[in-house]
Each structure stands twice: as structure tokens, then as C-alpha cells.
Amino acid sequence: YRAGEGTNTDCAAATRTTATCAYGKANVGLGDGALMSIAGGNSNVAIGSGAGVNIKSSVGHVYIGSHAGEYAVSNSGNVGIGVGALQDATTSYNVGIGETALTEHGSGTGYGRNISIGYDSGRLITSGSYNTILGVESGRNMTTMDNSVLIGYRSCYTAANCGGAT
């Protein structure tokens with residue numbers, strides 16, 4: 001229902017529901033509201049209720065899970081798999097796999113290129129680049145972090161157990 005609905009008035013109703021209009025091509029939205037705001041983005045896949053709901057001109061995203069990539073608007077190349085994965089991401093070229101992985105990521109420009117795998121991993125990182133985070137709740141409460149590798153259950157869960165990083 002309402003998947004890939006889009007806002008482009010140049011599309012026929014039948015095409016608008018699959019988001020293959022002149023202002024957005026090769027998009028696939030499946031689920032209530034998935035890709036609902038697509039207007040100029042290309043090659044996006046969103047599966048799940050609210051997945052990629054705010055994407056307008058983004059290119060090359062894959063979001064699978066309710067609310068995955070929900071607030072992506074004009075960034076590119078993210079992969080979010082799991083409920084709320086990369087939900088608030090405004091940066092590009094991130095991979096978040098697991099429920100709420102990298103869910104808050106995204107303030108500022110130039111941030112991105114992170115990989116976070118595991119439930120709640122990297123959840124509160126709002127600014128950071130070039131991080132590899134593997135493990136349930138690993139890096140969960142960190143807010144800024146760059147060029148880090150975290151491996152294991154709750155590694156760098158808080159700044160207190162992460163050598164002073166925030």
C-alpha cells in the first residue's frame with residue numbers, strides 16, 4: 001500500500017506506484033509508505049513499512065526492514081538491513097546490519113563510510129567516518145568516532161571503556 005507512491009505529477013498512476021517515472025528510475029518500494037516521497041532518486045530498493053519513506057533524490061540505497069533508512073533524503077549508497085537500521089542517516093556509503101544499527105548516524109557533511117553489524121551497534125554515533133563495528137551493542141553509546149575498529153559484544157559500549165573516545 002502506497003509503496004513508491006512518489007510526488008511526481010508527470011507519471012501515470014500505474015507507473016507512479018512503482019517509482020519508475022522520468023524523475024526517478026529503477027526504484028523498488030514494497031511496504032506501507034516505502035519510497036513514498038521519491039521524486040528524483042534512482043536505483044533504490046526499500047522493503048518494509050516506512051523503509052526509505054523520505055528518500056527524494058538519493059541514489060543506490062538498499063533498505064530492508066521497518067523504518068530502515070526512514071530519513072534518508074539526498075545521500076547515496078547506503079545499505080541498511082534490520083528494523084530501524086540507518087533510520088536517521090544523512091550521510092553516504094554506510095552499511096548497517098541489525099536492528100537499530102547506526103540508527104542515529106548523520107550530522108554534518110563528510111561523515112560516512114561506516115560498517116556496523118549487530119543489534120544496536122553504533123546506534124548513537126551522530127558523526128563519524130571510516131569505522132568498522134562488529135558485535136551486539138558494540139559502540140552503542142558512542143556519539144563521535146573516526147577510523148575505529150570495534151569487535152565483540154559491547155566493545156566500546158561507553159566512553160569509559162573505550163580509551164576516552166566519545
Side-chain angles (χ1 to χ4, degrees), residues 1-7 19 24 27-146 148 150 153-159 165-166:
Y1 174 73
R2 296 182 353 201
E5 189 171 276
T7 56
N27 294 299
V28 176
L30 184 62
D32 183 24
L35 293 181
M36 187 171 79
S37 300
I38 198 81
N42 296 315
S43 303
N44 295 292
V45 176
I47 300 173
S49 177
V53 69
N54 290 299
I55 291 175
K56 293 185 182 359
S57 59
S58 297
V59 176
H61 290 303
V62 176
Y63 292 122
I64 301 173
S66 292
H67 306 288
E70 183 173 15
Y71 296 104
V73 176
S74 59
N75 51 355
S76 299
N78 287 326
V79 175
I81 301 174
V83 174
L86 288 166
Q87 184 172 10
D88 294 332
T90 58
T91 62
S92 298
Y93 311 113
N94 297 289
V95 175
I97 300 175
E99 184 176 336
T100 61
L102 286 175
T103 198
E104 300 291 332
H105 194 270
S107 64
T109 58
Y111 297 112
R113 295 165 176 80
N114 296 289
I115 299 171
S116 190
I117 300 174
Y119 165 76
D120 236 9
S121 60
R123 180 179 185 157
L124 299 179
I125 296 174
T126 54
S127 59
S129 299
Y130 306 105
N131 296 298
T132 302
I133 304 168
L134 305 172
V136 171
E137 296 181 334
S138 188
R140 195 257 186 239
N141 292 309
M142 306 306 293
T143 56
T144 58
M145 186 170 27
D146 292 296
S148 297
L150 310 177
Y153 171 71
R154 285 195 170 181
S155 59
C156 278
Y157 183 75
T158 64
T166 59

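On a predicted model such as this, the values are computed, not experimentally measured, just so you know.
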Just how far is it from atom [atom1] of [X] to atom [atom2] of [Y], taken to the nearest 0.5 Å?
X: Thr126; Y: Met142; atom1: OG1; atom2: CE; result: 11.0 Å
X: Ser121; Y: Ile97; atom1: OG; atom2: CD1; result: 9.0 Å
X: Ile64; Y: Ile81; atom1: CD1; atom2: CD1; result: 5.0 Å
X: Asn114; Y: Asn94; atom1: CG; atom2: CG; result: 5.0 Å
X: Asn54; Y: Thr90; atom1: CG; atom2: OG1; result: 12.5 Å
X: Ser148; Y: Asn131; atom1: OG; atom2: CG; result: 5.0 Å

| Results of side chain to side chain donor-acceptor pair (under 3.5 Å) for Glu137 - residues two or more places apart only |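 Once residues adjacent in sequence are excluded, the partners of Glu137 under the side chain to side chain donor-acceptor pair (under 3.5 Å) criterion are Arg154.
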| query | Who pairs with Asp120 by side chain to side chain donor-acceptor pair (under 3.5 Å), at least two apart in sequence or on another chain? | reply |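 Result, side chain to side chain donor-acceptor pair (under 3.5 Å) vs Asp120: Thr100, Arg123, Arg140.
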| task | Would you please name every residue forming a ring pair (Phe, Tyr, Trp, His ring centres under 6.0 Å) with His67, sequence neighbours left out? | result |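 Ring pair (Phe, Tyr, Trp, His ring centres under 6.0 Å) list for His67, sorted by chain: empty.
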| With sequence neighbours left out, what residues match Ala72 under side-chain contact (heavy atoms from CB on, under 4.5 Å)? |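 For Ala72, the residues satisfying side-chain contact (heavy atoms from CB on, under 4.5 Å) (neighbours in sequence not counted) are Ile55, His61, Tyr63, Asn75.
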| query | With sequence neighbours left out, what residues match Val59 under side-chain contact (heavy atoms from CB on, under 4.5 Å)? | reply |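 Once residues adjacent in sequence are excluded, the partners of Val59 under the side-chain contact (heavy atoms from CB on, under 4.5 Å) criterion are Ser76.
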Could you tell me which non-hydrogen atom of [X] sits nearest to which non-hydrogen atom of [Y], and how far apart they are?
X: Gly118; Y: Ala101; value: O-CB, 4.0 Å
X: Gly128; Y: His105; value: O-NE2, 3.0 Å
X: Asn42; Y: Asn27; value: C-OD1, 3.4 Å
X: Ala46; Y: Ala34; value: O-CB, 3.7 Å
X: Ala85; Y: Gly96; value: CB-O, 3.7 Å
X: Thr103; Y: Gly84; value: OG1-O, 2.8 Å

| message | Does either side chain, that of Ser66 or that of Ser49, offer a donor lying less than 3.5 Å from an acceptor on the other one? | response |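 Side-chain D/A pair, Ser66 to Ser49: absent.
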| query | Could you go step by step and tell me if Leu150 and Met145 meet the side-chain contact (heavy atoms from CB on, under 4.5 Å) rule? | reply | CA-CA 11 Å; Leu150 310 177; Met145 186 170 27; 3.8 Å; yes
| query | Asn44 and side-chain contact (heavy atoms from CB on, under 4.5 Å): which partner among Asn78, Ile38, Val28? | reply |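 Output: one option passes, namely Ile38.
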| message | Once salt bridge (charged side-chain N to carboxylate O under 4.0 Å, His left out) is applied, what residue pairs with a partner in residues 73-89 remain, sequence neighbours excluded? | response |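 Applying salt bridge (charged side-chain N to carboxylate O under 4.0 Å, His left out) to every pair that reaches into residues 73-89, excluding sequence neighbours, yields nothing.
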| query | Does Asp146 offer a backbone N or O that forms a donor-acceptor pair with the side chain of Ser129 under 3.5 Å? | reply |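 Checked: no pair found.
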